[in-house]
Amino acid sequence: MRSSSAARRNQKLKRLKNRSVLLGVSGGVAAYKTADLVRRLKDDGASVTVMMTGAAQQFITPLSLQVASQNTVYTSIFQDPLTHISLPAQADIMLIAPATANIIAKFANGIADDILSTAFLAFQGPVVVAPSMNWKMYEHPVFQANLKRLLSLGIRQVGPESGPLACGEEGAGRLAEVAAIIDAVAAAMTEQDLAGKKVIVSAGPTREYLDPVRFISNRSSGKMGFSIARAALRRGAEVVLISGPTALKSPSGAVLRQVDTAAQMLRAVTEETEKGASVLIMAAAVADFRPAEQARTKMEKQRVRAIALDRTEDIITRIASRKKRPFIVGFAAETGPDLKRAMLKMQTKKMDMIVFNDVTEEGAGFETDTNSVVIIDRKGKVRTGLRSKDEIADAILDRYLKIKTRLYFPILLKN
Ligand code: PMT
C-alpha cells in the first residue's frame, strides 16, 4: 500500500508520451544546452531524434546527443538515402533549438541545403523554433521579417529571453529555458480547447505583517496554482497569474502579478477581473487574519503579550457579488475527509465550483508535487485520487469546460 502510493507520488505527468520529436540543432553557442533538453524531452515521455548542422557540431558533438537521445544523430543529407524525407514522416513535431538567424532565414526563404532545412520543407506537422543569437542580430529588421514570415505560417516561437549573452553583451537573445521549450512543444501538441479564454489564477500564500520583519503566513508553495496556470497556457488560454511569495519560476507566456498581502491580492484580482475574464481560479491560500496593527519598527519582544487580529476581506465573496463576474472556482483546504464545509463554502461565497483538498491526506495539499481532490459543482462531484498537480490542474480545467459547454456526464460519488 505504502509502496504503491509512493510510486504514484513519483509519477510525473508525461505530456509527450508516445510522441516523436525531431530536434534540429543549429550552430549557436546555446547548442551545448541541447543534451539537457533531449534528456528532459525524454523524461516527459518523448522519443527524440536529433539532426545537427555542421556549425552545431562545433559546440556539441553528435556522440553526446546520440547518448542523450539513445538514437542515431543525423548530420548530413547523404548519411542515409532519403533521410530528409523519412525522418519528418515519422515525427509528430519538429523543434529547432537553438535556431540561429541563418537557419531561420533558410526556412523563411525555402533554401534546402542541409539536413535541417530539407527536413523542414518535407515536414507537415507543427514546428517550434527557439531563436538564440546576439540581440542586435535578433532585432535586425531582416531577421525580424524572416521570423514574421515563419510565424505567419503557423510556426511557433519560444523565447528568446533577455539577459547576459555569450558575447558579453546584454539583451534579448538567450535561448529560452529548457522547461519553457518543453512547455511550448507540449502546447503545440495539445488541443487548444481554452483558446480565446482569459484565465486568472491565484497561487501561493499571503503574508500579513506584524512589523517590518515578522509576518503571519502559511505553508502554500504555489505549486498547485502554478500547475493550473501552466495547464491553461498549454491549452491556449490567456493567463494572468497572481501569486504570493513563492520560489517558483513563472510559466512563460503568463502575465505574472506578484503580491505580498491579502489586501494586495484582493486589489490585483479585482483589477484583473474588471478587465474581463472567463474564469477565476483561487488556488491561493489567502490569510484569513491579519494583525490589527502593523508596527512601523521592529517590535520589542518583551513588550508583546498578545497579538490582536482582524479578519481579511474575502476575495471570492467580493468578486462574486459583482454584476459582471467570471466563472469562479474556489479551493477548500480542509483537515479531514468531510465535504460538508467545502459545500457550505461554495454556497456562501457563491462559487460555481469548489476543489475540496484534504491537506492531511498523504501526498496531498501543501508543498507536495501531487494532490488528491474532489471537484464539486452543482451537478456532482469528481474524485481525482492521488495524481500529480499538473494532472489535477487538467482535471479542474476539463470539468470547467464540460460545464461551460454542457457536455458533461455527472459522476456522482459518495461523500
Ligand atoms: O500551494 P501548494 O503548496 O501547492 O498547496 C496547494 C493548496 C493546499 C494551497 C491549495 O490546493 C488549496 O487548497 N488552496 C486554498 C487554500 C485556502 O485558503 O483554503 P480556504 O478553505 O481557507 O479558502 C477557501 C477559498 O477562499 C480559497 O479558494 C481561497 O483562495 C479563498 N479566500 C480565502 C481567504 C480570503 N480572504 N479570500 C479568499 O478568496
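Both counts, for ligands and for their atoms, begin at 1 and track the order of listing.
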Enumerate the atoms of ligand 1 whose separation from the nearest heavy atom of [X] is less than 4.0 angstrom.
X: K223; result: 1 (O), 2 (P), 4 (O)
X: M224; result: 4 (O), 6 (C), 11 (O)
X: T312; result: 36 (N)
X: K345; result: 20 (P), 21 (O)
X: E367; result: 2 (P), 3 (O)
X: G330; result: 28 (O)

Test item: [X] side-chain N/O and [Y] main-chain N/O as donor-acceptor pair under 3.5 Å:
X: T312; Y: D288; value: yes
X: K402; Y: L397; value: no
X: N146; Y: A108; value: no
X: D260; Y: R207; value: no

Determine whether the side chain, the backbone, both or neither of [X] has a heavy atom under 4.0 Å from any heavy atom of ligand 1.
X: V286; result: both
X: A287; result: backbone
X: S220; result: both
X: A283; result: backbone
X: V355; result: neither
X: E334; result: neither

Q.
Evaluate K404 against D352 for salt bridge (Lys or Arg N to Asp or Glu O under 4.0 Å), listing each step before the verdict.
A. CA-CA 11 Å; K404 289 308 275 182; D352 298 292; over 6 Å; no
Q) Of the choices I328, V329, I316, V359, which has the non-hydrogen atom that lies closest to atom 39 (O) of ligand 1? A) I316
With nothing but distance in play, are any N or O atoms of [X] less than 3.5 Å from an N or O of ligand 1?
X: F331; answer: yes
X: S221; answer: yes
X: T368; answer: no
X: A332; answer: no
X: M282; answer: yes

Any side-chain heavy-atom pair of [X] and [Y] under 4.5 Å:
X: R325; Y: T273; value: no
X: L116; Y: S26; value: yes
X: F356; Y: K381; value: no
X: E169; Y: K136; value: yes
X: E272; Y: K198; value: yes

(Q) Quick test of your reading of the model: are D314 and K345 salt-bridged, counting only N-O distances below 4.0 Å? (A) no
Q.
Assess whether a salt bridge exists between R39 and D36, defined as any Lys/Arg side-chain N lying under 4.0 Å from an Asp/Glu carboxylate O.
A. yes
Got the closest protein heavy atom to [atom], with its distance?
atom: atom 34 (C) of ligand 1; value: D288 OD1, 3.4 Å
atom: atom 36 (N) of ligand 1; value: E313 O, 3.0 Å
atom: atom 11 (O) of ligand 1; value: N357 OD1, 2.7 Å
atom: atom 18 (O) of ligand 1; value: A285 CA, 3.4 Å
atom: atom 26 (O) of ligand 1; value: K349 NZ, 2.8 Å
atom: atom 37 (N) of ligand 1; value: I315 N, 3.0 Å
atom: atom 19 (O) of ligand 1; value: A333 N, 3.4 Å
atom: atom 29 (C) of ligand 1; value: A284 O, 3.6 Å

(Q) Using the rule side chain to side chain donor-acceptor pair (under 3.5 Å), only one of D394, D183, D390, T190 pairs with R15; which is it? (A) D183
Q | contact_flag R341 ligand 1 heavy-atom lt 4.0 Å | A | no
Q | Min heavy-atom dist G222 to ligand 1 below 4.0 Å | A | yes
Q) How far apart are the closest heavy atoms of I307 and V304, and which atoms are they? A) CG1-CG1, 4.2 Å
Q: Take the angle between the ring planes of F215 and Y209 and call it parallel below 30°, perpendicular above 60°, tilted in between.
A: perpendicular
Q: Mark yes when over 12 heavy atoms from residues, nucleotides or ligands other than E161 sit less than 6.0 Å from its CD; otherwise mark no.
A: yes
